[in-house]
Amino acid sequence: MAARITVIGTGYLGATHAACMAELGYEVLGMDVDAEKIAALTAGAVPFYEPGLDELLAKHVATGRLRFTTSYTEVAGFGADVHFICVNTPQRKGEYAADLRYVESVVDALAPLLDQPTVVAGKSTVPAGTAVRLTERFAELSPAGADVELAWNPEFLREGYAVGDTLRPDRLVIGVASQRAEAVLRDVYTPLTDAGVPMVVTDLATAELVKNAANAFLSTKISFINAMAEVCEAAGGDVMKLSEALSYDARIGGKFLVPGLGFGGGCLPKDIRAFMARAGELGVDQALAFLKEVDAINMRRRVRMVDLAREQCDGSFLGKRVAVWGAAFKPNSDDVRDSPALNVAASILLQGAQVTVYDPKANDNAAKLFPTLAYADSALEAARGAHVILHLTEWQEFRELDPEEVGKVTSQRRIVDGRNALRAQRWHEAGWTYRALGRPVVG
Ligand code: UGA
């Protein structure tokens, strides 16, 4: 009989996981406390932008294999082989540490309703030691006691590629404290392991740490190349050529080595901070002290971007029009959490410019967060009358724009490429001054 699965928390991670589990052939119940989100998902509509997820969701809602609810009673009564916890763990306000209140509220609501043996698998990113603490809480609050077995199964999906990353992940990691939990999770993931996906089985703490370490490594790689961009600017080098040359070294590799405005989003920035906070609690803060510098390099890129934009406005933003292309924290997403693009746009607005933003998918989310910025319906509309254009999120459609056409609507031909993604030569040939982080002036 097909496994029965519940997925608690239906944001970017949970909604994708639920739809992908249905794709693997399981009976799935998705649960969220947000009634609006559940109404949309029940109607087969994804309440955010994630390529390919709409189709998958609609397909499995139609077959009835994937259903949604706001009720914990229904979740507990579903007869699930596994309950996956997929709620978010944001940064605590005014601190580095992770705010675990959503994970804890799932445990507190679910545990008293579980009266049969079952496995609960956490997928949320949590500090090391959380799973052990929650295991004790399940044992204390649940009628099934120690027969509720907790596992940790971190998720490595990227927004924008979430479906592919879930159905064809680079690896699976399952942290377990019992053979039964291991057997149940091995069963659930058999279609993936049969297709060759490696599975690493660990203890609970190691599984939590793998996720922390992966995001710390990725952040470090990005900040490394951005630090090289700073040095290139000072020494008159070209960081794009430097990055290309490094990428041919198989030990280094070219992925996550694209210099620019740096990392943002709902994961990397808060995850490295939570990792540092946990290391401090464990008495090994020195081991992760370098992440402070990784964070600092990353935040400096935003300041440098504002400085470059001001230079292109002849030293002052007062009375100037600035066009910002991109608002999402990266392309193929409408997520604006800790978006470098919006951070730059808002700083420039506060320094007296008229700032008009255009993003192919994230205008609405951006306007909720920064209602005082102006928003346009197209890249050209945003560029109208601009003294400078800032390219801050590298959507494909920006790469395809004709510099000649864009130049007809701006008041000056000046562009700063915050993502090193436009073809500098093309813009230069059309009479533009092209500036980018970590590269010599073109034009
Ligand atoms: C990241 C990780 O890549 C996932 O493996 C992880 O599952 C996820 O966090 C998470 O913890 O949930 P995501 O935040 O979706 O995924 O986005 P990434 O593709 O990692 O990009 C993060 C940021 O780094 C973006 O702002 C992007 O523009 C920036 N970046 C990426 C660079 O500045 N340079 C690069 O070379 C690559």
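In what follows, every heavy atom counts, from backbone to side chain, and hydrogens, waters and symmetry copies are set aside. Please read all numbers here as calculations on a predicted model, not as lab measurements. Numbering of ligands and ligand atoms starts at 1, following listing order.
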Does a salt bridge link Glu55 with Lys59, judged by any charged N lying under 4.0 Å from a carboxylate O?
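Salt bridge flag = no for Lys59 with Glu55.
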
Which parts of the protein, at residue level, reach under 4.0 Å of ligand 1 through a heavy atom?
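Within 4.0 Å of ligand 1, the protein residues are Glu155, Phe156, Leu157, Arg158, Glu159, Lys211, Asn215, Leu218, Ile222, Phe256, Leu257, Val258, Gly262, Phe263, Gly264, Cys267, Leu268, Asp271, Phe329, Lys330, Arg419.
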
Using ring centroids (six-membered ring only for Trp), state whether Tyr358 and Tyr375 fall under 6.0 Å.
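Ring-ring flag for Tyr375/Tyr358: false, centres at least 6.0 Å apart.
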
Short side-chain to backbone donor-acceptor contact, Ser223 and Val294, under 3.5 Å:
yes

With a 3.5 Å distance limit and no angle check, can you tell me whether Trp152 reaches the backbone of Ala205 through a side-chain donor-acceptor pair?
no

Would you be so kind as to tabulate the donor-acceptor pairs closer than 3.5 Å made by side chains of residues 29-40, with sequence neighbours excluded?
unit_1, atom_1, unit_2, atom_2, d
Asp32, OD1, Asp34, N, 2.9
Asp32, OD2, Thr10, N, 2.7
Asp32, OD2, Thr10, OG1, 3.0
Asp34, OD1, Glu36, N, 3.0
Asp34, OD1, Lys37, N, 3.2

Would you call the rings of Trp395 and Tyr49 parallel, tilted or perpendicular if under 30° counts as parallel and over 60° as perpendicular?
tilted

